*Asks:* 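Below is one structure. I have some questions about it.
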Amino acid sequence: MARLLKSERLKSRDRIQEIFSGNSERVGKYPLLLFYTKSDEASASSFQVLFSVSKRNFPRAVDRNTMKRRMREAFRANKTALNDLLPLNNQLALAVIYTGKELSSVDSLSNTFSKLYEILAQRLSEIN
RNA sequence: GGGACGAAUCGGUCUAUCGCCAGGAAAACAUCCUGGAGGAAAGUCCGGGCAACGCAGGGCAAUGCACCCUGAGAAAAUCAGGGGAUUAAAGUUGUAAAGCUUUAAGACAGCAAGUGUAGCAGAAAAUAACCGCCUCGUUUCGGGGUAAGGGUGAAAAUGUGGAGUAAGAGACCACGGGUUUAGACGGUAACGUUUAAAUGGUACAAACCUUGCAUGUUGAAAGACCAAGUAAACCUUAGUUAUGGAGUUGCCCGCUCCUUGCUUCGGCAACUAAGGAGGGUAGGUUGAUUGAUCCAUGGGGCGACCCCUGGACCAGAUAAAUGAUAGACAUUCAAACCUUGUGUUUGGAUACAGAACCCGGCUUACAGAUUUGUCCCUUUU
RNA sequence: UGCCCUGUGGUGUAACUGGAAACAUGUGAGAUUUCGACUCUCGUGACACGGGUUCGACUCCUGUCAGGGCAA
């Protein structure tokens with residue numbers, strides 16, 4: 001099974017600012033919304049990801065934590081599919097936002113991720 | 001046996017597979033081992049530790065707390081034990097005012113220091129005459145006396161009886177009750193019991209206020225170190241240059257510091273205020289997890305809690321770990337079945353809620369289980 | 001994480017330190033008009049929730065809930 005390493009988590013404040021400044025590409029499939037930007041910097045991993053859940057949709061901290069954990073688990077399950085479609089020597093910064101207002105199971109989130117990757121693969125090939 | 005309300009304690013367990021965070025094994029994102037949310041982690045309502053800045057001293061202001069005593073505690077709008085008044089409910093004594101007993105409650109200092117407020121109703125809401133009563137006169141009316149009786153109201157000027165009077169009244173007397181002061185006895189004390197003297201006073205301080213006590217401000221996005229960078233920079237306008245400027249918690253007094261300019265007379269320099277145009281950092285380590293800590297034996301105390309001895313190390317992340325899936329068990333609810341057993345099968349439910357520097361409290365949320373107190377219902381003896 | 005503020009009709013605001021809730025707009029019915037607009041008349045509709053102080057609370061105090069703001 002694929003692992004999700006600490007170096008694959010997005011932590012740099014600059015990169016996060018870049019994603020949410022409005023210049024990033026955007027892919028959506030309910031209940032998930034994916035922001036991403038590309039950079040040419042070579043690094044250990046081919047992507048970095050962060051997960052976010054709105055306090056407006058989930059006022060209680062317990063629910064927010066649960067949804068972030070489930071998103072992380074579903075992302076981890078689909079990690080090999082993402083690695084296949086990414087080109088080498090490019091780094092992708094991803095921000096996954098949960099836009100639903102009710103809790104979802106890991107299975108449905110996993111399905112959503114695989115559909116998201118199909119759309120993402122199309123977009124990337126168009127650009128290239 | 002059941003139910004309601006209150007209080008205290010606990011608040012799911014195990015297995016498999018795949019993962020996340022921290023520490024250790026010389027090093028590593030591989031491998032192995034160890035550990036990994038709460039009683040409220042919550043609200044941010046109090047009190048501290050810790051840190052930076054400030055601080056000769058005095059006054060005012062502001063804010064908070066305050067029923068009292070003894071004890072516990074680092075402290076607290078904290079805790080334990082006790083005492084008093086008030087309010088509410090039930091019972092009871094009394095002609096009444098009011099008292100006594102039990103239970104419960106709470107943010108219980110002072111209205112007998114001053115000021116203020118008390119709508120409507122009512123004559124009058126704190127220097128009380130509407131009706132009534134008594135009396136006088138010029139008798140369908142007016143003057144005077146009167147707080148016994150009526151009516152209004154949340155509240156109407158200490159209750160009952162006596163004496164007294166034209167009629168009446170704490171104006172007077174006896175008893176009761178309220179407040180204040182002093183003495184005696186009991187108690188560590190708050191206070192209680194009792195005796196004597198004085199007094200006549202509506203309520204509201206969660207109205208201003210008064211009294212007592214306490215308080216410097218800010219808050220881990222504090223702060224320290226390393227790396228990198230550097231700006232105490234530039235422009236415009238106004239003011240000041242000594243009868244000044246700055247600092248000094250919000251204000252004042254006071255105190256401390258700077259300066260006592262240069263000049264070729266155009267300015268320069270310094271400080272302050274306002275505006276403009278720009279620039280830099282936000283990476284890492286630390287703070288930061290050994291502490292008013294937790295567990296056990298024994299001892300002291302009604303209790304809060306304390307002492308002795310021994311043992312343990314028990315989350316430490318930082319765009320933020322503590323999880324996902326499957327199964328079994330446990331508790332409980334409902335339905336079905338027949339073997340009526342604390343049976344089997346099926347289905348459902350298992351709360352409130354997630355550490356963010358750390359402790360002590362308070363408040364609020366909470367499925368279910370256990371223990372316990374009060375009340376009610378029912379059954380048996 | 002720390003600090004601070006605000007809750008009144010559907011909407012926007014009042015009620016001067018306690019005596020029972022007012023205005024504008026919206027909305028319903030009617031009048032006016034050939035029909036409609038404007039205008040006029042009569043209605044409708046609220047103190048976030050719980051507790052306390054007080055004879056009496058939108059107001060004072062307190063606890064929840066909701067909404068909002070500030071902080072290198």
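As the structure is a computational prediction, the values presented were derived from the model and not from experiment. A note on names: the letters A, B, ... follow the listed sequences, proteins ahead of strands, and every chain is numbered from 1.
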*Asks:* Taking only the P atom of each, what is the distance from B/A109 to B/G43 in whole angstrom?
*Replies:* 33 Å
*Asks:* Tell me what A/Arg64 touches on the nucleic acid: a base, only sugar-phosphate, or nothing, going by heavy atoms under 4.0 Å.
*Replies:*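 Nothing, no heavy atom under 4.0 Å.
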*Asks:* Would you mind calling B/A118 syn or anti? Take O4'-C1'-N9-C4 for purines or O4'-C1'-N1-C2 for pyrimidines, and syn is within 90° of 0.
*Replies:*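 B/A118: anti glycosidic orientation.
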*Asks:* Does the structure show a Watson-Crick or G-U wobble partner for B/U240, both distances under 3.5 Å? Name it, or say none.
*Replies:*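 Checking every strand shown, B/U240 finds its partner in B/A270, with both distances under 3.5 Å.
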*Asks:* Whole angstrom is fine here: how far is it from CE in A/Met67 over to C1' in B/A324?
*Replies:*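 Nearest whole value for this atom pair: 12 Å.
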*Asks:* What is the distance from atom CG of A/Leu34 to atom CG of A/Leu120, rounded to the nearest 0.5 Å?
*Replies:*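 These two atoms lie 6.5 Å from each other.
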*Asks:* Both distances below 3.5 Å, Watson-Crick or wobble geometry, any strand: find the nucleotide opposite B/U44.
*Replies:* none
*Asks:* Taking the same atom, P, in B/U363 and in B/C329, what whole-Å distance lies between them?
*Replies:*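 Nearest-Å result for B/U363 against B/C329 at atom P: 43 Å.
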*Asks:* In whole Å, I'd like the distance from the CZ atom of A/Phe51 to the P atom of B/C20.
*Replies:*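 Distance, rounded to whole Å: 12 Å.
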*Asks:* Taking B/A351 as the reference, what is the distance to B/A42 when you measure between their C1' atoms (whole Å, please)?
*Replies:*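 Rounded to whole Å, the distance is 15 Å.
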*Asks:* Between A/Leu50 and A/Val96, is any pair of side-chain heavy atoms under 4.5 Å apart?
*Replies:* no
*Asks:* A/Val106 or A/Lys68: which one's nearest nucleotide on RNA chain B is closer to the 5' end?
*Replies:*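 Its nearest nucleotide being more 5', the pick is A/Lys68.
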*Asks:* Starting at CD of A/Glu73 and ending at P of B/A321, how long is that distance when rounded to a whole Å?
*Replies:*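 Going from A/Glu73 (CD) to B/A321 (P), I get 14 Å.
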*Asks:* Partner of B/A246 by Watson-Crick or G-U wobble geometry, both contacts under 3.5 Å, or none?
*Replies:* B/U256
*Asks:* Between B/C20 and A/Arg70, is there an OP1 or OP2 to side-chain N/O distance shorter than 4.0 Å?
*Replies:*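 Indeed not, no polar side-chain atom of A/Arg70 lies that close.
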*Asks:* Say we look at B/U218 and B/U86: how far apart would their P atoms be, to the nearest angstrom?
*Replies:* 44 Å
*Asks:* Using the closest heavy atom to pick a nucleotide of RNA chain B for each, name whichever of A/Arg72 or A/Asp107 lands nearer the 5' end.
*Replies:* A/Arg72
*Asks:* Starting at CE of A/Met71 and ending at P of B/A320, how long is that distance when rounded to a whole Å?
*Replies:* 11 Å
*Asks:* Of the nucleotides B/G354, B/U325, B/A321, which one has an atom closest to the side chain of A/Asn65?
*Replies:*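 Looking only at heavy atoms from C-beta outward on A/Asn65, the closest nucleotide is B/G354.
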*Asks:* Expressed in whole Å, how much space separates the C1' atoms belonging to B/G49 and B/U293?
*Replies:*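 One C1' to the other, the span is 15 Å.
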*Asks:* Taking the side chain of A/Val62 as its heavy atoms from C-beta onward, which of B/A321, B/A319, B/A353 lies nearest to it?
*Replies:* B/A353
*Asks:* Side chains of A/Val49 and A/Arg72, heavy atoms from C-beta outward: is any pair under 4.5 Å?
*Replies:*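 Side chain of A/Val49 against side chain of A/Arg72, heavy atoms only: no contact under 4.5 Å found.
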*Asks:* If the C1' atom of C/G45 is compared with that of C/A21, how far apart are they to the nearest Å?
*Replies:*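 To the nearest whole Å, 13 Å.
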*Asks:* With the 90 degree cut-off around zero defining syn, does B/G49 come out syn or anti?
*Replies:* anti
*Asks:* Does B/A174 have a Watson-Crick or wobble partner in any strand here, with both distances under 3.5 angstrom, and which is it?
*Replies:*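 Its partner is B/U160.
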*Asks:* Return the CG to CZ distance between A/Leu116 and A/Phe75, rounded to the nearest 0.5 Å.
*Replies:*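 Spacing of CG (A/Leu116) from CZ (A/Phe75) equals 10.5 Å.
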*Asks:* Could you work out the separation of B/A246 and B/C252 based on their P atoms and round it to a whole Å?
*Replies:* 13 Å
*Asks:* So, A/Thr66 side chain and A/Val62 main chain: donor-acceptor pair closer than 3.5 Å or not?
*Replies:* yes
*Asks:* Quick one: classify the glycosidic conformation of B/G170 as syn or anti, with syn meaning within 90° of 0.
*Replies:* syn
*Asks:* Can you check B/G39 for me, syn or anti if syn means within 90° of 0?
*Replies:*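 Syn, since the glycosidic angle lies within 90° of 0.
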*Asks:* Tell me the partner of C/G30, counting only Watson-Crick (N1-N3 plus N6-O4 or O6-N4) or G-U wobble (N1-O2 and O6-N3) with both under 3.5 Å; none if nothing fits.
*Replies:* C/C40
*Asks:* Please name the nucleotide paired to B/U31 by Watson-Crick or G-U wobble geometry with both distances under 3.5 Å, or report none.
*Replies:*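 In the structure as shown, B/U31 has B/A25 as its Watson-Crick or wobble partner.
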*Asks:* Looking at B/G73, which nucleotide sits across from it as a Watson-Crick or G-U wobble partner, both distances under 3.5 angstrom, or is there none?
*Replies:* none
*Asks:* With a 3.5 Å limit on both atom pairs, tell me what C/U1 is paired to, counting Watson-Crick and G-U wobble, or say none.
*Replies:*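 Across any shown strand, C/U1 pairs with C/A71.
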*Asks:* So, is B/G239 syn or anti if syn means the angle is within 90° of 0?
*Replies:* anti
*Asks:* Expressed in whole Å, how much space separates the C1' atoms belonging to B/A353 and B/U322?
*Replies:*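 These two C1' atoms come out 16 Å apart once rounded.
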*Asks:* Can you find a heavy atom in the side chain of A/Val53 that is under 4.5 Å from one in the side chain of A/Met71?
*Replies:* yes
*Asks:* If we only count heavy atoms from C-beta on, is the A/Tyr98 to A/Leu33 side-chain gap below 4.5 Å?
*Replies:* no
*Asks:* I want to verify a distance call: between B/A324, B/U322, B/G19, whose nearest atom is closest to the A/Arg69 side chain?
*Replies:* B/U322
